[in-house]
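Take a look at the structure below.
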Amino acid sequence: MAQCANLPNVRFMDLQPLERLDELLSFADIHLLPQRADAADLVMPSKLIGMLASGRPVVATAHVGTELASVVAACGLVVPPEHPQALLAAISMLAKDAALRTRLGAAGRAYAEANLDREAVLGMFVAELKMLITEG
């Protein structure tokens, strides 16, 4: 915190209540999702759902071919893990291009609504069960 004391765009806050999460996520211009190289395909980060739903673009570090990279590539930028210069370049590109941020953010929101919304997930689950029953 002391190292950031003179940075006007950095603010530390106490732990916030869950009901403020959507509001806080919408404050960001760009969401960052750094992942270690050896962890990118173990699980899908739960924080990604809120990031996508916020309608803001995501910059994620992930290897091409992972599920994380596939999801983020449609609504943000993917850079190799543990390559800070690539991460900086992606952030800079988005910071300079409001139209790209808007387009990618909208794509992320649409993906979240179509694939991650509770009703969408339950609908896909029910459809899969029906298919298994009719095939069985």
Side-chain angles (χ1 to χ4, degrees):
M1 288 174 63
Q3 291 177 331
C4 295
N6 294 324
L7 298 175
N9 59 343
V10 176
R11 189 167 145 200
F12 291 92
M13 300 169 61
D14 292 333
L15 187 61
Q16 298 293 303
L18 182 59
E19 52 272 4
R20 287 204 63 209
L21 180 61
D22 293 341
E23 174 191 5
L24 293 171
L25 287 172
S26 70
F27 286 159
D29 293 321
I30 302 166
H31 289 290
L32 305 180
L33 185 55
Q35 297 285 294
R36 289 182 15 196
D38 60 349
D41 220 19
L42 296 176
V43 295
M44 185 66 74
S46 61
K47 62 186 106 206
L48 181 61
I49 296 170
M51 291 176 172
L52 296 175
S54 75
R56 303 299 192 268
V58 175
V59 177
T61 61
H63 290 296
V64 173
T66 62
E67 184 70 16
L68 177 59
S70 297
V71 169
V72 173
C75 54
L77 301 176
V78 179
V79 299
E82 301 171 16
H83 283 81
Q85 293 302 334
L87 183 60
L88 175 61
I91 295 167
S92 295
M93 177 192 309
L94 286 174
K96 294 174 185 173
D97 192 337
L100 180 59
R101 287 194 313 272
T102 299
R103 183 174 58 79
L104 293 174
R109 175 73 185 191
Y111 179 88
E113 289 173 346
N115 298 285
L116 304 173
D117 175 75
R118 178 182 301 197
E119 294 304 317
V121 170
L122 290 175
M124 288 184 277
F125 177 69
V126 168
E128 186 73 22
L129 286 177
K130 286 179 180 178
M131 185 182 75
L132 290 172
I133 290 169
T134 58
E135 288 180 359

List the residues meeting salt bridge (charged side-chain N to carboxylate O under 4.0 Å, His left out) with Arg103, not counting sequence neighbours, and say none if there are none.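 So Arg103 forms no salt bridge (charged side-chain N to carboxylate O under 4.0 Å, His left out) with any residue.
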Counting only heavy atoms not in [X], do more than 12 sit closer than 6.0 Å to its [atom1] atom?
| X | atom1 | result |
| --- | --- | --- |
| Arg20 | CZ | yes |
| Gln3 | CD | no |
| Phe125 | CZ | no |

Any chance you could measure [X], atom [atom1], to [Y], atom [atom2], to the nearest 0.5 Å?
| X | Y | atom1 | atom2 | answer |
| --- | --- | --- | --- | --- |
| His63 | Gln35 | NE2 | CD | 11.0 Å |
| Thr102 | Arg56 | OG1 | CZ | 8.5 Å |
| Ser46 | Met51 | OG | CE | 9.5 Å |
| Met1 | Leu7 | CE | CG | 12.5 Å |
| Ser54 | Leu21 | OG | CG | 9.5 Å |
| Leu104 | Leu52 | CG | CG | 11.0 Å |

Hey, is the main chain of [Y] close enough, under 3.5 Å, to the side chain of [X] for a donor-acceptor pair?
| X | Y | result |
| --- | --- | --- |
| Thr61 | Val79 | no |
| Gln16 | Asp14 | yes |
| Asp97 | Met93 | no |

Measure across [X] and [Y] and return the closest heavy-atom pair with its distance rounded to 0.1 Å.
| X | Y | value |
| --- | --- | --- |
| Glu119 | Asp117 | N-OD2, 3.0 Å |
| Leu77 | Val72 | O-CG1, 3.7 Å |
| Met124 | Ala114 | CE-O, 4.1 Å |

Apply side-chain contact (heavy atoms from CB on, under 4.5 Å) to Leu25 and His31, showing your working. CA-CA 8 Å; Leu25 287 172; His31 289 290; 3.6 Å; yes
Could you check whether any side-chain heavy atom of Pro45 comes within less than 4.5 Å of a side-chain heavy atom of Leu68, counting everything from C-beta outward?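 A side-chain contact exists here, since the closest heavy-atom pair is under 4.5 Å.
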Cluster question for you: counting only ILVMFWY and a side-chain heavy-atom cut-off of under 4.5 Å, with indirect links fine, are [X] and [Y] together?
| X | Y | answer |
| --- | --- | --- |
| Leu132 | Val126 | no |
| Ile91 | Val58 | no |
| Val59 | Leu33 | no |

Please assess Arg101 against Ile30 for the test side-chain contact (heavy atoms from CB on, under 4.5 Å), listing each intermediate value before the final yes or no. CA-CA 8 Å; Arg101 287 194 313 272; Ile30 302 166; 3.9 Å; yes
Any chance you could lay out the side-chain contact (heavy atoms from CB on, under 4.5 Å) test for Val78 and Thr66, step after step, and finish with the verdict? CA-CA 11 Å; Val78 179; Thr66 62; over 6 Å; no
Asp29 and Leu94: side-chain contact (heavy atoms from CB on, under 4.5 Å), yes or no, with the steps? CA-CA 9 Å; Asp29 293 321; Leu94 286 174; over 6 Å; no
